[in-house]
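Please read the structure below before turning to the comments.
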Amino acid sequence: MASEDSAAPVVVDECRGVLFVYSDGSVVRRSGPGFATPVRDDGTVEWKDVEFDAAHGLGLRLYKPRERKQQLLPVFFYYHGGGFCIGSRTWPNCQNYCLRLGAELGAVVVAPDYRLGPEHRLPAAIDDAAAALLWLASQAGGGDPWLTEAADFTRVFVSGDSAGGTIAHHLAVRFGSAAGRAELGAASVRGYVQLMPFFGGTERTRSEAECPDDAFLNRPLNDRYWRLSLPVGATVDHPVSNPFGPDSPALEAVEFDPTLVVVGGSDILHDRAVDYAARLRAMGKPVEVKDFEGQQHGFFTIDPWSDASAVLMRALKRFIDTAGRFD
């Protein structure tokens, strides 16, 4: 009879049928999402994959409209969500959203991947996201013609949803100074969009405490993502997860570019994102909130063609066309 020590490992953590962590510490991932979503590619937006970090095997997906109304288009980054544990630029829901972004915004869309936990714990994802933005900057004035013939490197906008929204915050901080802007060379970030950013804290907000178990992102999954992505032993007051935690850097001196924070009225993260924006506004930072009443976490990638998603697209288009104005 096999001893207890030689028993087969069992799953101790699981995220959306994609990530499985076993009792022996091993990790198994499925390459695609745990749901079937057809890609709606009508050919009006062309795309291709590019490697931006050979050392870590990281790529990004570039999109651009086949027909352009202007010679050079703004660049719109999209960092996917997934609690820093799952997700990919190749997933159908991500691709559908990026295809619509390219068509509706009339922009070059850049969708990078980044390393995920628990194999690569934070701040690995933040470092990778910065590397992707720096890769774009390196393309200005002599990079891939597929990109340079279409991209206006002086009009870059950085967005992300959920974990990607958290990434957008950290990039705004890193590059929100004269030294940070100098790192980007000829590229210029004009604004940031945080779509339902994935922030945390040891003290529960009302929307976290009252979140129903059947929510798309509920409390158990929210907490599991942080436990699997933060450094071992860290709490959710870690500087990556809580911008206002006890050890987080002060934000008063950061030169924030215009930032649009998108929240959903039925999202577990609603109150924390609203509080984040309010605190930055109190510091005099150019931050505005767009609140989608009744919408769940990630509604725009769940169905990029919903009525609410159409409203979001118009808001993003206005934000880009006005270089970060909110009116």
Side-chain angles (χ1 to χ4, degrees), residues 11-29 53 56 58 79-88 112-133 158 160-174 192 194-205 207-209 211 215-251 254 261 263 267-273 275-276 279-280 297-298:
V11 175
V12 294
D13 275 310
E14 175 270 333
C15 296
R16 296 207 186 280
V18 174
L19 171 66
F20 302 87
V21 182
Y22 286 82
S23 53
D24 63 355
S26 60
V27 176
V28 174
R29 290 182 177 275
D53 185 341
H56 295 120
L58 292 172
Y79 292 96
H80 68 76
F84 294 111
C85 293
I86 62 173
S88 169
D113 276 338
Y114 48 86
R115 286 172 292 169
L116 301 170
E119 304 97 316
H120 305 285
R121 291 180 177 266
L122 291 162
I126 310 299
D127 295 338
D128 297 340
L133 185 53
V158 176
D161 87 86
S162 195
T166 313
I167 286 172
H169 161 77
H170 287 286
L171 295 183
V173 173
R174 168 161 175 179
Y192 290 84
Q194 298 180 22
L195 302 159
M196 300 180 167
F198 183 49
F199 294 132
T202 53
E203 184 177 344
R204 295 283 193 194
T205 66
S207 62
E208 290 168 350
C211 180
F216 180 72
L217 177 63
N218 58 25
R219 262 194 323 274
L221 183 58
N222 181 81
D223 295 349
R224 192 178 312 137
Y225 281 147
W226 283 128
R227 180 163 46 78
L228 294 174
S229 64
L230 286 170
V232 174
T235 74
V236 282
D237 277 335
H238 188 278
V240 171
S241 50
N242 187 351
F244 305 106
D247 298 319
S248 299
L251 300 178
V254 177
V261 179
V263 299
D267 183 18
I268 185 174
L269 303 176
H270 176 276
D271 291 359
R272 200 170 290 280
D275 177 72
Y276 164 86
R279 291 197 192 198
L280 289 186
H297 188 76

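Both backbone and side-chain heavy atoms feed into the values below; hydrogens, waters and symmetry mates do not. Quick caveat, the model's predicted, so the values are computed rather than measured.
Distance CG/Asp267 to CZ/Arg272: 12.0 Å, rounded to 0.5 Å. In this structure, the separation between CG on Leu280 and CG on Asp275 is 9.5 Å, given to the nearest 0.5 Å. Expressed to the nearest 0.5 Å, how far NE2 of His297 lies from OG of Ser162 amounts to 3.0 Å. Here NE2 of His120 is found 12.0 Å from SG of Cys85. Values are rounded to the nearest 0.5 Å. From His80, atom NE2 reaches atom CG of Asp113 across 4.5 Å, with rounding to the nearest 0.5 Å.
Looking at every heavy atom in both residues, Leu122 comes nearest to Phe84 through CD2-CD2, 3.7 Å. Among all heavy-atom pairs drawn from Ser26 and Asp24, the shortest one is OG-OD1, 2.6 Å. Between Asp247 and Pro239, the shortest heavy-atom contact is O-CG, 3.5 Å. Between Glu14 and Arg16, the shortest heavy-atom distance links the atoms OE2-N, 3.0 Å. Between Arg224 and Cys15, the shortest heavy-atom contact is CD-SG, 4.0 Å. Listed here is the closest heavy atom pair of Val28 and Tyr22: CG2-CE1, 3.7 Å.
By the 4.5 Å heavy-atom criterion applied to side chains, Met196 and Leu217 are not counted as neighbours. Two residues are said to be in side-chain contact when any heavy atoms from C-beta on lie closer than 4.5 Å; Pro231 and Val240 fail this criterion. Put simply, the side chain of Ile268 reaches to within 4.5 Å of the side chain of Arg219, judged on heavy atoms. The shortest distance between side-chain heavy atoms of Val27 and Leu19 falls below 4.5 Å. Looking only at side-chain heavy atoms (C-beta outward), Ile126 and Ile167 come within less than 4.5 Å of each other. Looking at heavy atoms from C-beta onward, Glu203 lies out of side-chain contact with Asp237 at the 4.5 angstrom threshold. Looking at Pro197 and Val261, their side chains come closer than 4.5 Å, going by heavy atoms from C-beta outward.
Under the 3.5 Å distance criterion, the side-chain polar atoms of Asp53 are left unmatched by any main-chain donor or acceptor of Leu58. Here the side chain of Asn218 pairs a donor or acceptor atom with the backbone of Leu221 at under 3.5 angstrom. The main-chain N or O of Phe198 is found under 3.5 Å from a side-chain atom of Thr166 such that the two form a donor-acceptor pair. Within the 3.5 Å criterion, the main-chain N or O of Ala125 finds no donor-acceptor partner in the side chain of Arg115. For the pair Ser241 (side chain) and Val236 (backbone), a donor-acceptor distance under 3.5 Å is present. A distance-only check finds a donor-acceptor pair linking the side chain of Ser248 to the backbone of Asn242 [under 3.5 Å].
The only option from Tyr79, Tyr276, Tyr192 that meets the ring-ring contact (aromatic ring centres under 6.0 Å, His included) definition with His169 turns out to be Tyr276. For the side-chain contact (heavy atoms from CB on, under 4.5 Å) criterion with Arg227, the lone passing option out of Asp13, Thr235, Asn222, Val232 is Asp13.
Centroid-to-centroid, the aromatic rings of Tyr114 and His56 stay 6.0 Å apart or farther.
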Using the side chain to side chain contact (heavy atoms under 4.5 Å, CB included) rule, take His270 and Thr205 through it: C-alpha gap first, then chi angles, then the decisive distance, then the call. CA-CA 9 Å; His270 176 276; Thr205 66; over 6 Å; no
Side chain to side chain contact (heavy atoms under 4.5 Å, CB included), that's the test. Do Val263 and Leu269 meet it? Break it down for me. CA-CA 8 Å; Val263 299; Leu269 303 176; over 6 Å; no
